[in-house]
Participant: 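Attaching a single structure in structure tokens format; questions to follow.
Because the structure is a prediction, the values reported are computed rather than measured. Residue numbers start from 1 in every chain, and the chains themselves are labelled A, B, ... in the order their sequence lines are given, proteins ahead of strands.
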Amino acid sequence: MSRVWRKEYNEDMYHLNELNPVQREAAEYKDGPILILAGAGSGKTRVLTYRIAHLIAQGIEPWNILALTFTNRAAKEMKERVGTLLGSEGQGLWVSTFHSSCVRILRREISALNGYSRSFVIYDSSDQMTLIKECLKELDIDDKKIAPRAVLSAISDAKNKLKTVENFDAQAGDYFQDIVSKAYKIYQKKLFNNNALDFDDIIMLTVRVFREFPDVLKHYQERFKYILVDEYQDTNHAQYILVKLLAGLYRNLCVVGDDDQSVYGWRGADVQNILDFERDYPETKLLKLEQNYRSTGKILKAANTVVCQNANRKDKVLWTENSEGEDIEIYKASNEHDEARFVSNKIRDLSDAEGRPYNDFAILYRTNAQSRVIEEQFMKVGIPYRIYSGQKFYERMEVKDILAYLKLVYNSAESVSFTRVVNIPKRGIGKGSLEKVFEYAEEQGLKVFDALAEVEHIPGLQTKAKRSLESFYNLVVEFKAKAEEGIAVTDLTDKILADTGYITMLRTEGTIEANARLENLNEFLSLTSEYDKNFEAYLEDTEIKEEQNMVILGGFLEQVSLVADIDNYDEVEDAVKLMTMHSAKGLEFPIVFAVGMEDGIFPSSRNTLDDLHLEEERRLCYVAITRAKEKLYLSHACQRMVYGHIQDSLASRFLEELPEGILLKIESKALSSNFASAGTSYQNKKWLDNGSEIVKLGSVKFTVGDKVEHMTFGRGIVMAVSGEGKQAEITVVFSGEIKKLIAEYAKMLKI
DNA sequence: CGCTGATGACCCCAG
DNA sequence: GTCATCAGCG
């Protein structure tokens, strides 16, 4: 398609007129660094996609543009939206996560680094855990005194700050750091010997290649003349440097972020990167997107009021043209079961009265453990739901097992997968025998798997173990041969599951759990066949080298490692969504319930000690509130079971920070000790049908769709409301009869 | 070698 | 309360 044709085309072919003036300026500002501070719901993805379309319309080649995101979800969404604007004109554009972009680069360039090979595998967090435990064992460190998790997170932290083993060692101060330093060294050596990278290596090594090989860097600088970064407030130091290097030549860097939504400090994100952007790039164009298109006025007011309590933030105030909306309801529950009942009753009511689909609701909580009670309640009353956190598909035992087999087939140098599956299903190869194999391999300078070829020479093995190891070896060699012939991943997986006896093992077990595992394996097989169907497109896309053996299998494994959630977010499914506040970031829902608003839970007790952490929790609260479009419910329980113990808890301090006048506070009936005093005034005391009571009312507000009970007319539904406050005229349908009532005089309850 | 019961740790989580 | 890990025994 020619540029000339494009220019002759309607000036607004990319619908720039659909943007507000600031959005449009952000989308059209072409050269040089630009920082877009985009408040929640201000249309930031829209701006990014229009910007990409606009660059291409200006004659920039799509392959000169790189858009970086954190999540696959964000990358996918942006790709789709760019696709809608551009159709096939976007060919060659890179819209991908930091990690997939870096893997693509490393698959080409990693061999520049001494000893690294292009056919590396990627270790996930449980592989990392296995490896670090081995390291601590070698160092003779009791993992009860030093938690492997802590060591791992210290190493990850170091890598995120681009600290090498040597850097770390040089500045290790105390006993713990000293241990981490030693562990880091061994850990890194093990990764290297296994031809494996962990997730942090993916970024760190890309930076290393760029720093050590300026010509390689130059190549990518020339290629990516225009760079866009989404959620810039979530970048860690390594990602910050990566972007800085890539944009170093042309400086056409557009970053979008919201310091108020920085909630990933604990995994290395550094808000300072966004706060300092203007210092790094003095010629920066700064734009603020402050108009919110998502939420009602009251929801926005609540969000603003809370986040304004933070001292360390860029000054901005979100506003909206949307209607004020309904009050924010705060429910005080007696315990977590009461809270769950409140949520399910509300959903039932709104679904009955307003015909709300289940899809409209989301339940947000601070920790995954809180989902259980709500899940149980939903099951009990038959509300369809879907949990969007918790265990990932690829982390399930059976899936990890089959993946370990595949990884071993792909890269037999890899010892973590070897150790995992050598005795699965049970082959009578115990810890003792395995140690002997490892010992022998070490002595002979062999990879463990290759040592099995000489099983006869391994001293101290029992005949039974020897035979088992031998047949295991032959089995895997056979799989390898098939893979090298280019067998489809589905067929290979099938063969492994059958020949190793894995399927038989689960069938024999026959428990409900085993059946669930079999189902998961079926699910896995449908993923492989999906991949087999279009692996050619995938390989082309990731630029995996053709000359490599087992390209097909390698491509599959890479896809699996980089796409963490196949439990993909499905907007169409009609089910209530349950997720943590963290995973809700970037999403929106008509009706949001934020549950467990209790001090100690939210803010989490470990983050209440210092302002830095407390402010991050408060930002999380801001994120949670701003997910809601129309209606927000906040609930807290006076007592809650935590780790098997009943705990008394106070309402979250964040609830205290909410502005008066837009709140409707409701208390569980189970809490009022004195029932007699509950009937003081018919107008001011309200009973909800789940046994809850409104104890504090600004003015009683009725909205279209409210179910009501009138003293004389009985039950009805509000059809229309005109006017405001006490004088409002409310139209209600009672069984067949339509009545117009004035709010002030209507002897009527919301039910 | 592999099962069983006691013991203690337990947040948020992309890739 | 629930999961993972480990010592100790058949």
Side-chain angles (χ1 to χ4, degrees), chain A residues 68-75 96-103 122-129 133 142-144 147-150 153 156 159-160 197-204 206 230-231 234-236 238-239 262-269 336 364-373 376 388-392 394-395 397 423-435 462 464-465 468 558-565 569 579-586 596 600-608 613 616-617 619-621 623-624 640-647:
Chain A
L68 292 169
T69 66
F70 278 84
T71 66
N72 288 305
R73 186 174 76 200
S96 62
T97 62
F98 272 94
H99 288 88
S100 6
S101 302
C102 286
V103 167
I122 298 162
Y123 272 4
D124 67 17
S125 21
S126 71
D127 298 330
Q128 286 180 280
M129 189 58 94
K133 280 182 185 160
D142 184 0
D143 52 4
K144 275 179 192 111
R149 289 180 60 132
S153 98
S156 170
K159 289 184 176 184
N160 287 336
L197 308 190
D198 67 16
F199 285 117
D200 303 316
D201 282 340
I202 291 173
I203 312 290
M204 189 173 173
T206 309
D230 189 19
E231 305 273 16
D234 288 340
T235 50
N236 60 38
Q239 288 157 333
S262 163
V263 292
Y264 285 113
W266 49 274
R267 65 177 196 215
E336 72 270 25
L364 309 182
Y365 34 79
R366 179 64 175 80
T367 69
N368 276 308
Q370 292 167 254
S371 68
R372 278 205 46 179
V373 189
E376 281 164 15
Y388 287 91
S389 34
Q391 207 188 20
K392 299 278 180 299
Y394 290 119
E395 282 165 12
M397 186 172 71
N423 199 30
I424 292 179
K426 299 253 164 5
R427 300 186 173 89
I429 301 165
K431 227 171 136 192
S433 315
L434 211 53
E435 252 163 47
Q462 291 188 328
K464 191 175 149 247
S468 293
E558 178 170 319
Q559 192 180 39
V560 169
S561 326
L562 293 177
V563 182
D565 53 339
Y569 182 76
M579 66 185 82
T580 63
M581 295 172 176
H582 279 94
S583 29
K585 202 174 114 198
I601 304 247
F602 187 44
S604 154
S605 53
R606 42 210 297 172
N607 290 336
T608 46
H613 287 97
E616 179 153 319
E617 293 281 307
R619 290 193 292 268
L620 186 59
C621 184
V623 167
R640 180 181 296 273
M641 181 91 91
V642 183
Y643 300 142
H645 294 281
I646 293 175
Q647 243 179 39

Participant: Is there aromatic stacking of A/Tyr264 against B/dC12, centre distance under 5.5 Å, plane angle under 30°?
Facilitator: no
Participant: May I ask you to verify if any side-chain N or O of A/Ser433 is less than 4.0 angstrom from the OP1 or OP2 atom of B/dC1?
Facilitator: yes
Participant: Quick one: list whatever passes side-chain hydrogen bond (donor to acceptor under 3.5 Å, both in side chains) with A/Ser262, sequence neighbours left out.
Facilitator: none
Participant: Residues two or more places apart in sequence or in another chain: which of them pass salt bridge (Lys or Arg N to Asp or Glu O under 4.0 Å) with A/Arg640?
Facilitator: A/Glu339, A/Glu598
Participant: Measure NZ/A/Lys585 against P/B/dC12 and give the value in whole Å, please.
Facilitator: 17 Å
Participant: B/dG15 P sits how many Å from A/Leu197 CG, rounded?
Facilitator: 17 Å
Participant: Please check the phosphate of B/dC1 (OP1 and OP2 only) for any side-chain N or O of A/Lys464 closer than 4.0 Å.
Facilitator: no
Participant: I'd like to check A/His99 versus A/Ile203 (side-chain heavy atoms, cut-off strictly below 4.5 Å). Are they in contact?
Facilitator: yes
Participant: The side chain of A/Lys426 lies closest to which of these nucleotides: B/dC11, B/dC12, B/dG2?
Facilitator: B/dG2
Participant: For B/dG15 and A/Asn72 - does any side-chain N or O of the residue sit under 4.0 Å from the phosphate oxygens OP1/OP2?
Facilitator: yes
Participant: Expressed as a whole number of angstroms, how long is the span from A/Met581:CE to B/dC11:P?
Facilitator: 17 Å
Participant: How would you list, by chain and number, every residue that makes a salt bridge (Lys or Arg N to Asp or Glu O under 4.0 Å) with A/Glu376, sequence neighbours excluded?
Facilitator: A/Arg372
Participant: Quick one: which of B/dA14, B/dC11, B/dG2 gets closest to the side chain of A/Asn423?
Facilitator: B/dG2
Participant: Would you kindly compare A/Gly428 and A/Phe70 by the position of their nearest DNA chain B nucleotide and give the one closer to the 5′ end?
Facilitator: A/Gly428
Participant: Considering only B/dC3, B/dG15, B/dC13, which nucleotide approaches the side chain of A/Trp266 most closely?
Facilitator: B/dC13
Participant: Using the test salt bridge (Lys or Arg N to Asp or Glu O under 4.0 Å), find all partners of A/Asp127 that sit at least two apart in sequence or belong to another chain.
Facilitator: A/Lys400, A/Lys407
Participant: Can you list everything that forms a side-chain hydrogen bond (donor to acceptor under 3.5 Å, both in side chains) with A/Glu336? Sequence neighbours excluded, please.
Facilitator: none
Participant: Below 4.5 Å, heavy atoms only, C-beta onward: do A/Val263 and A/His582 meet side chain to side chain?
Facilitator: yes
Participant: Record whether the side chain of A/Arg267 comes under 3.5 Å of the base of B/dC13 through a donor-acceptor pair of N or O atoms.
Facilitator: no
Participant: Would you say A/Thr580 reaches B/dC13's phosphate, i.e. side-chain N/O to OP1/OP2 under 4.0 Å?
Facilitator: yes
Participant: Find the distance A/Arg73:CZ to B/dA14:C1' and express it as a whole number of Å.
Facilitator: 10 Å
Participant: Nearest heavy atom decides the nucleotide; on that basis, is A/Glu616 or A/His99 closer to the 5' end of DNA chain B?
Facilitator: A/Glu616
Participant: When we call it a touch if two heavy atoms are under 4.0 Å apart, what does A/Asp201 touch: a base, just sugar-phosphate, or nothing?
Facilitator: nothing
Participant: Measure from CE on A/Met204 to C1' on B/dG15 and round the result to the nearest Å.
Facilitator: 17 Å
Participant: Which part of the nucleic acid does A/Asp200 contact within heavy-atom distance under 4.0 Å: base, sugar-phosphate only, or nothing?
Facilitator: base
Participant: Return the nearest nucleotide to the side chain of A/Phe199; candidates are B/dG2, B/dC13, B/dG15.
Facilitator: B/dG15
Participant: Atom CG of A/Leu620 and atom P of B/dC11: how far apart are they, to the nearest Å?
Facilitator: 16 Å
Participant: Rounded to the nearest angstrom, tell me the gap between atom CG in A/Asn236 and atom C1' in B/dA14.
Facilitator: 11 Å
Participant: For every nucleotide of nucleotides 1-10 of chain C, 5' to 3': is a protein heavy atom under 4.0 Å from its base (B), only from its sugar-phosphate (S), or from neither (-)?
Facilitator: BS--S-----
Participant: Could you check how far OH of A/Tyr394 sits from C1' of B/dC13, rounded to whole Å?
Facilitator: 18 Å
Participant: For B/dC10, does OP1 or OP2 lie under 4.0 Å from any side-chain N or O of A/Asn368?
Facilitator: no
Participant: Can a donor-acceptor pair be found, under 3.5 Å and without considering hydrogens, that links the side chain of A/Asp230 to the backbone of A/Thr71?
Facilitator: no
